[in-house]
Amino acid sequence: MTLFRAEDIAVRFGGIKAVDGISFGVERGTVFTIIGPNGAGKTTVFNLISRIYDPSQGRLWFDDRDITGLPAHEIAGLGIARTFQNIELFEHATVLDNLLLGRHAHRGTRLWQDFLFTPAVRRSELAHRRKAEEVIDFLDLAAHRDSHIANLSYGVRKVVELARALCTEPKLLLLDEPSSGLNVEETEDMAFWIEDIKKDLGITVLMVEHDMTLVNQVSDRVLALNYGRILAEGTPAEVQAHPDVVRAYLGGV
Amino acid sequence: MPRRHTERITSPAATTVGRITTTGRRLPGEGGLTEVLQLLVNGLAAGCIYGLIALGFVLIYKATEMVNFAQGDLLMLGAFAAYTYIGLFGLPYWLGFILAVLSMAIFGFTLDAVVLRRVIGQPQFAVVILTIGLGFIFRSAATLIWGPDIRTLGTPFSNSISQFGPIVIPDVNLSIIGGTLAISGVMYGFFRYTKLGVAMQAASQNQLAAYYMGIPVRLVFSLIWAISAGVATVAGILLAPVSLIDPSTGFIAIRAFSAAVLGGFTSLPGAVLGGLIIGVIEQFSALYLDEGFKDVAAPVVALIVLAVYPQGLLGQRQRKRV
Amino acid sequence: MRFVFKTDYRQDIGLFRHNGDRFWYGLLVLLVAAAPLLLDRFYLGELTYVFVLAVAGIGIMLLTGYTGLVSLGHAAFLGIGAYAHGYFLQQGVPFVLSVPLATLLTTAAGLLVALPALRMTGIYLAIATLLFAVIIEQVFIRWESVTHGFRGFSVGVPQVFGLPLTDPVLFYYICFAVLALAMLAAINLLRSPTGRAFVAIRDSEIAAQSMGVHLARYKATAFAISAGFTGLAGCLFAHKIGYLAPDAFGIILSIQLLLMAVIGGLGSLHGVVFGALFVGALPQVIAVLRDYLPDRIAQQPGLEPGVFGLILVAIILFEPQGIYGRWRKVKLYFQLFPMYKAATFKRQKTYTRSERNK
């Protein structure tokens, strides 16, 4: 069953077509990876899905619902969470506060209640913390729970960002280069977590990644892009063997 | 006690540029086309001053991302410097003019090297408060040095007029328009064709990269401040014969803020354009609208434009990449 | 150093971090409550003024310190609150009704400013608020039927609890109560989803948006709340100065309000109180400094703004984290004694990180 579908989407910046008529579908409970050389339009696809950019053509479907025209802040509430290539955490807040902000789409209290910190707010705050704590346990972040982001290493920040995305209880998780900037061991951890996210939490993952070891290890399907167009789609092995993909990465052979 | 200290935002300086011909409220149509043209020219003259001040804002902002709230006070100091050379020392006008611009350029350079360089990388509001503080100091210093009295500056253009058909233009206004044209041309050429100008543009786009490319970023910034102080001085001297000089002359800069945001804070032509628009609007609203509207016309127009174009008319729309 | 071991989520959301905090804040409240017995009239009045400033400071801190939106026009909101309150009192509205009415009105004004300001960022927003303040000042001057123009009008003196509001002790307690309630409301806001959304917007708009924060709505909310607190302060301010005229609400007041947030330390409610103390004490500090200057200079009329400017410059150059930042450093020094290293808070060499693309 398809959870997410992109239908012939395109976007242009000035005269450049960053994404040029791409269609693909992500099956429920799978890890779908987009690969491609720098500037192939991978992150742009993510930005289209999280509605930061408007596509100039095509439609986006999530859970059989057309999300093409939705504003960016409604995406999280539907069940799509994302991480960012260059880490967009809330620098001057603690890890816990970052995770709790991940619960924002589930806020159930109103402004006046917040002002008075009514029992309803107290209850929901405690509930949010329980959920955040589950994620902290899952990703082994207990040691950093009350640290400020500014004091954390790059590798930990990357995990915190993943944790924040998980706190929104997504159905579809968008990971933008989860391994970039991580060392070998951290990358291995990331691979295990992605598998656990798929198997234990049952979350569908759509990922952009460069590290082919990681891609091979976790992906069910791979889509290769170049210059905003699809080169190949298939299993990791099929895509890597595809002559167009080889040419794109290694130049004319 | 500053909290009980009051200063007028609407300085006489800003209104006197136009006062030369407009004498109170009149009904539309009276005088016809000639009057409209006359107003237009006066508005352009006033707008040139705003444009020059806005140019100073934009120069500094574009290069260093600092907003210089003391720009108006640099103008005031520049005018006083000219007054000192010409009025007190009795030097010829043009020599005094050049000396004043040079002294203020050196002052701007030193100011950056001693004070502003130390806040590079600090958040923007810190710089805002810093330059506001500098403005207070300059005003206070001017009062201490030259006294609170109003000074006049005699120029070759004072008290003479030129006639173009039915339109009468005071030569002072012509000098303002001419001076602004000259400055704009020099700026354009400088940033377009000189190596230093290009280096300044590079430094403004990406400090760190510029630094790695061997551009002496700090020196470049100090030079930007020098240029900006020089431009402010030119504006001050051009303005002096119409507005007279006193320590609160610098409050005219608040109107120039309207001009700078109107044009877009990142565009040099936008600054001049914004200034001209504000100047013309002020002239016409003074004549055709109720009294209170003259002082709010500029900020109201600027706010409306900002609501539609959040980056001003010619500013670049930029977006963070993720 | 004290490490807080958390064994319960309730410790996260409590008002105090630990019993030590409870003790010290309790002591502080007792001292403040006993102040009318300990202080003479003049200092009581000054302390009252500090409380009023602090209420406005909460407003500007929520906007600038927590949501990251710089306003250079908050004097306008203080003025709207003060004028509205003064006008309502004149129309015979009782004090207890007039204050919330004026606060609501200012909140609405904040919302009104926020709507065009939503799409602006950074310096455009700061200047837009400055322009707004310029416009409002003209309104105060020109709307004679309500504001009495340049001449202004004196604020009525209502009876509260059977005493005239001019009674310094009564007014002191009222201001203290308002500050305490405002502080509580602000803390509540900050430990709930709304406050977290503010901080998120400050630190990364794009991530906040992707987590479901409706940027426009929360920015407008921040503006409205900020204006509301400042308007509430304006009501008290009206009684404090006793006579409303447009020049009381000029740009210098706006700068002082912003300064309060910056000087105290952005992003901290402690900072609000430190900032208010500082700005409230500034006139006295300047008066003392003046005594040390040679007569020829000390008698100049333009001196005070100059000294004010010098202090601004000194703070930004030497303690950009504000008084609260300094306080934390001193505290840490004693907690770590004698192991404190001078480099602990050393600033890294920085380059301007562009704020244009936020």
Side-chain angles (χ1 to χ4, degrees), chain A residues 46-47 50-52 71-78 80-84 87-94 96-118 121-122 124-130 132-133 145-146 149-150 161 164-165 167-168 174, chain C residues 3-6 8-15 17 62 65-66 68 107 181-182 184-218 220-222 224-225 228-229 265-268 321 348 353 358:
Chain A
F46 269 30
N47 286 340
S50 46
R51 306 290 309 110
I52 295 170
H73 58 261
E74 283 183 20
I75 294 300
L78 290 179
I80 301 179
R82 74 171 289 181
T83 65
F84 296 86
I87 303 191
E88 290 285 332
L89 285 169
F90 310 119
E91 284 261 337
H92 305 284
T94 64
L96 182 69
D97 281 335
N98 270 275
L99 301 199
L100 287 172
L101 202 271
R103 305 288 305 156
H104 188 86
H106 300 273
R107 79 168 287 189
T109 55
R110 304 193 150 271
L111 181 62
W112 68 268
Q113 293 174 308
D114 285 359
F115 253 121
L116 301 175
F117 211 73
T118 57
V121 179
R122 188 174 291 272
S124 80
E125 281 296 296
L126 293 177
H128 289 328
R129 277 179 173 69
R130 270 190 288 278
E133 207 72 33
R145 186 180 187 271
D146 290 324
I149 300 299
E161 218 191 13
R164 184 180 65 185
C167 277
T168 65
L174 309 180
Chain C
F3 287 97
V4 181
F5 288 99
K6 292 184 182 168
D8 194 316
Y9 296 145
R10 269 169 292 185
Q11 275 173 282
D12 270 341
I13 56 177
L15 279 178
R17 283 170 306 168
L62 285 175
Y66 286 96
T107 310
L181 287 177
L184 185 67
I187 295 172
N188 281 346
L189 204 62
L190 290 172
R191 58 180 171 155
S192 65
T194 310
R196 276 198 298 273
F198 288 169
V199 173
I201 290 173
R202 177 191 69 190
D203 284 359
S204 168
E205 283 193 9
I206 211 133
Q209 201 177 21
S210 300
M211 294 296 133
V213 175
H214 191 320
L215 294 183
R217 179 182 300 161
Y218 278 92
T221 308
I225 292 174
F229 275 111
L266 283 174
S268 107
Q321 306 213 308
Q348 276 185 332
R353 284 171 61 188
K358 238 184 195 168

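As a basis for the values below, the full set of heavy atoms in this structure was taken, side chains included, without hydrogen atoms, waters or symmetry mates. Throughout, protein chains are lettered first and strands after them, A, B, ... in sequence-line order, and every chain is numbered starting at 1.
Taking chain C as the reference chain and counting heavy-atom pairs below 4.5 Å, the highest number among A/T168, A/T83, A/L100 is found for A/L100. With respect to chain C, the highest number of heavy-atom pairs below 4.5 Å among A/V121, A/N98, A/L111 belongs to A/L111. The most heavy-atom pairs under 4.5 Å with chain A, out of C/L184, C/L190, C/V199, C/V213, come from C/V213. Among the candidates C/L215, C/I225, C/L189, the residue making the largest number of heavy-atom pairs closer than 4.5 Å to chain A is C/L189.
For a residue to count as touching a neighbouring chain, one of its non-hydrogen atoms must lie under 4.5 Å from one of that chain's; by this rule A/I75 does not touch chain C. Contact annotation for A/I149: neither backbone nor side-chain heavy atoms come within less than 4.5 Å of a heavy atom of chain C. If you measure heavy-atom distances from C/R191 to chain A, the contacts under 4.5 Å come from both the backbone and the side chain.
Between C/R196 and A/E125 there is a salt bridge, since at least one side-chain N of the basic residue sits less than 4.0 Å from a carboxylate O of the acidic one.
For A/D114, the side-chain hydrogen bond (donor to acceptor under 3.5 Å, both in side chains) partners are A/R107, A/T109, C/S192, C/T194, not counting sequence neighbours. A/E133 pairs by the side-chain hydrogen bond (donor to acceptor under 3.5 Å, both in side chains) definition with A/R145, not counting sequence neighbours.
Ring-plane geometry between C/Y218 and A/H104 is classed as perpendicular, the angle between the planes exceeding 60 degrees on a 0 to 90 degree scale with a lower cut at 30.
Considering only heavy atoms from C-beta on, C/L62 comes within 4.5 Å of C/F229 through its side chain.
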